[in-house]
**Student:** 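One structure coming up, written as structure tokens, with questions to follow.
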Amino acid sequence: MKLTKATFKNFRLLRDIELDFSTEDKKPLTVLRGENESGKTTILTAIQWALYGEKALPEMRGGREYRLHPIDWDFKNDNRVRIEAIVEFQHDFYTPKSDGSFRTNTKKFRLIRETIEEVKGTNFTRRPSTCALFELLPNGDSEINPAEPELNEMLPPELREVFFTDGDRALSFIEATVSTKRQRVEKAIRSLLGLGILEEAGKHVDKAAIDLNRKAQDASSSDDLSRCISRIEEIDKQLSSLEPELDELDEKESLIQLQLKETDKQIDAILRKGDVEELRRKLNANKRNIEELEKAETRFEKKHIELFKEKALAVGLIIPQLKDARKILDNLKKRGTIPKSTVPVLEDRLELETCICGESLKPDTKEGAKRKKYLENLILEHKDSDQLSESLTRLHYASKDYPPVSDVEPSWLQMYKEVFENRDEVQEKLDKAQKEAKALEIKLDELKDTDIQELREKKRLLEGQKEDIIRNHESAKIRISSFKREKRELENQRDMILRKQQRHVRLVSELEAIKDIQDIIHATYQVILDGELRNVSDTMNEYFLKMIVAEPEQRAIIQRASITPEFDIIVYGPDERLLDPDRDLNGASRRALTVSFILALTQVSQVIAPNVIDTPLGMTSGHVKRSILRTAIENSSQLILFLTRTEIGGCGDIIDESASRILTITNSSHYPKMLQNDPGISENQVIRCDCDHHHVCEICERLDDRSNDELAFRKS
Amino acid sequence: MYTNQRRLLEILRQQHDKIEDRCDGYKEELLEKVAQILYLERQHSVQRTNIQQKIMDQCAALGEYLSKKRTDLE
């Protein structure tokens, strides 16, 4: 099925608009350009409403109905709004040829869906929509009545989300809980490959076969035949309980597999953080290390303090001044100012009681007492100046004991440097060890709530359950196969007896026919289930790696993507490590993975259908953006992309090569804030023009377009 | 044949090839009936119908075709 044209009237902002789409095989791309709030998503909804009716409308919060009429509808003037969508499309019908190939017959159709909404203020009521389908023939249109079954056959409703994709909603295949994602993926695969329909058909044909068998039993009088048919009936009963049992076991196994995967993930996460015992050992070793370092720090601290009491420091500090003092003291000595010994000599004389001149200093004579008094006065007079002179003399001789400045200075500084460096080094080690201890303590706190032993025990139990299920599964399979073999033999026996009885030719033919139908349907189901899921998985992987420009040989972070038999989309990193598409992939890769899945499904099922995608290139840029676009074009039978100007940026050349139709839509209410020219429309409305990414016209020209020299102006 | 799932048709065709041709025109009739059954199933999935009866009718019609051909041959 390919869309050719769509016309909408009074569908929200789409008051009156016609769009046409490319159906060319070589240029399958149609680009619908539109900025935010230009009506792109409304068009996506409108097409789906036309094709699928009310069930395709978005669900509203609080159970409200999704409004179809324009929000600024003048209900005071006319409160009944007629909403109409006309979609034209072509569809290929296949007729098998004798050589095994198919003859293709392309037919054209027009679908008209309409409804009426009655508007009362902010409320409205809507009538159920009506739908009319016409085949477009050269000699006039021919109505197909009823339309819905035919339409559903050409575009199955369960595939709506595969063919009509909102860029953000598309991620629903990989962004949800495990079971929801799985259901969505399974539903899409089963629908597109026809598994669901085959399964249902198989059940109904089996039921028809059981009924026919009973009919044969009722019609026959032979005991052998009766026994044979009774046994077939018994086997059918056994099979009808065994087959669901097998499905149930499959489901259980898949569930346990999922639980095992989760448990493994939890164990891995804990082991990545570390084993509790191992962490405790590390923490204890770390604490011992901290104690040693603290002791060393105290040692060096003391040494540091001691250093300031060192004589060498005092010397180091005094020597520069001593140099000048030496000069002064030497000078004083030269001049005889020091050493000065007047006071000791006089005191000596007084003690001897004899003066230097030989006269007596004894106080018993008047003269002696007079001389003694004189000398005592003299001593008092000279005492102060001699104390200074004595100090200077001591300094002079003391200064002789110290080496020159240049010899002293480095020794204390060297000691200081060594102590300082050692202390600094210990401090650094201590900081590091304390930080490590803190980190280990945090990890241990996190782990305290999780008992890895408990998880390992859970895993062991799950593995045991899995083994039981596999055993039961195998046993059920063997019993089914044995019953089927017995049933086949009994059926042949039954048919032979009936044939001999001549009058049951019709019954025998019916039994044979129904068996052939059963065989084809069941075998087709099995082949698709066994082989095609792998095909979808491989094709998705091929497209995905191409889109994200990943080279597995060059150790790319993303190595491959795959769909498991349980319908999980999984991504592998280097060394087969699992990546969670939801958490480990960036926005562009997630979008690429979803688009790859949709394209792979369409490709493998060989369904000719449009891929209509709203904003597929959001969050992408550069090579990845170009590659997503190119891969999507190469693998779609009809690709309709709703793109903003930003999304088109950097991809213009690819669009030039592959698009045979480019349209631009503009929201009239964007004037004057964003649009350059007044559209001259009082109501909010989407207007289209034929401008591509190289042109602008009076309708679509935006305020910032004037600064873009690459855009050419064309008359609308 | 209405369905546009070419891959499904291809596989269906391969399985159909393995079936014994019970009489002239039988296999074409068989393929047509299988395709019709799938069409009815799809119809039933969107609009509940008396699917069991419809499928029994298809099977009976094929049986009748086979029976008639056999009777004609006799």
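No hydrogens, no waters, no symmetry mates; every other heavy atom, side chains included, goes into these values. Letters A, B, ... mirror the listed sequences (proteins, then strands); counts begin at 1. The model shown is predicted, which means the values in this text are computed figures rather than measured ones.
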**Student:** Please name the residue in the list A:Ile528, A:Leu192, A:Leu193, A:Leu195 that meets the side-chain contact (heavy atoms from CB on, under 4.5 Å) test with B:Leu8.
**Tutor:** A:Ile528
**Student:** Measuring from atom NZ of B:Lys33 to atom CD1 of A:Ile517, what distance do you get when rounded to the nearest 0.5 angstrom?
**Tutor:** 8.5 Å
**Student:** Looking at A:Asn535, A:Leu198, A:Leu212, which has the largest count of heavy-atom pairs under 4.5 Å with chain B?
**Tutor:** A:Leu198
**Student:** Quick one: CG on B:Leu66 to CZ on A:Arg506, what's the gap to the nearest 0.5 Å?
**Tutor:** 10.5 Å
**Student:** Between A:Glu510 and B:Cys59, is any pair of side-chain heavy atoms under 4.5 Å apart?
**Tutor:** no
**Student:** Sort A:Asn105 into side chain, backbone, both or neither according to what part of it lies under 4.5 angstrom from a heavy atom of chain B.
**Tutor:** neither
**Student:** Below 4.5 Å from any heavy atom of chain A, which atoms of B:Ile19 appear? Answer side chain, backbone, both or neither.
**Tutor:** side chain
**Student:** For B:Tyr26, is it the side chain, the backbone, both, or neither that has a heavy atom closer than 4.5 Å to a heavy atom of chain A?
**Tutor:** side chain
**Student:** Are the side chains of A:Val527 and B:Gln15 in touch, meaning some heavy atoms are under 4.5 Å apart?
**Tutor:** yes
**Student:** So for A:Thr602, is it side chain, backbone, both, or neither that comes closer than 4.5 Å to the heavy atoms of chain B?
**Tutor:** neither
**Student:** Considering all heavy atoms of both residues, which atom of A:Ala513 and which atom of B:Gly63 are nearest to each other, and what is their separation?
**Tutor:** CB-N, 3.7 Å
**Student:** I need the single residue from B:Glu41, B:Arg42, B:His44 that forms a side-chain contact (heavy atoms from CB on, under 4.5 Å) with A:Glu200. Which is it?
**Tutor:** B:Glu41
**Student:** Within the 4.5 Å heavy-atom criterion, are B:Glu10 and A:Gln606 side-chain neighbours or not?
**Tutor:** yes
**Student:** Nearest 0.5 Å please: distance from the CD1 atom of B:Ile55 over to the CD1 atom of A:Ile514.
**Tutor:** 9.5 Å
**Student:** Given that the side chain runs from C-beta out, which part of B:Leu62 has a heavy atom under 4.5 Å from chain A: side chain, backbone, both or neither?
**Tutor:** both
**Student:** In terms of heavy-atom proximity below 4.5 Å to chain A, should B:Glu64 be classed as side chain, backbone, both, or neither?
**Tutor:** both
**Student:** Any donor-acceptor pair under 3.5 Å linking the side chain of B:Gln52 with the backbone of A:His204?
**Tutor:** yes
**Student:** Taking side chain as C-beta onward, heavy atoms only, is A:Glu150 less than 4.5 Å from B:Tyr39?
**Tutor:** yes
**Student:** What part of A:Ile521 gets within 4.5 angstrom of chain B, counting heavy atoms only: side chain, backbone, both, or neither?
**Tutor:** side chain
**Student:** Does a sphere of radius 6.0 Å around CG in B:Asp24 hold more than 12 heavy atoms from other residues, nucleotides or ligands, not counting ones at 6.0 Å or beyond?
**Tutor:** no
**Student:** CZ/B:Arg13 to CD1/A:Ile520 distance, rounded to the nearest 0.5 angstrom?
**Tutor:** 10.0 Å
**Student:** Is the closest basic N to carboxylate O distance between B:Arg22 and A:Asp516 below 4.0 Å?
**Tutor:** yes
**Student:** Which value, rounded to the nearest 0.5 Å, describes the distance between B:Gln43 atom CD and A:Glu148 atom CD?
**Tutor:** 11.0 Å
**Student:** In terms of heavy-atom contacts, does NZ of A:Lys187 have more than 12 from other residues, nucleotides or ligands at under 6.0 Å?
**Tutor:** no
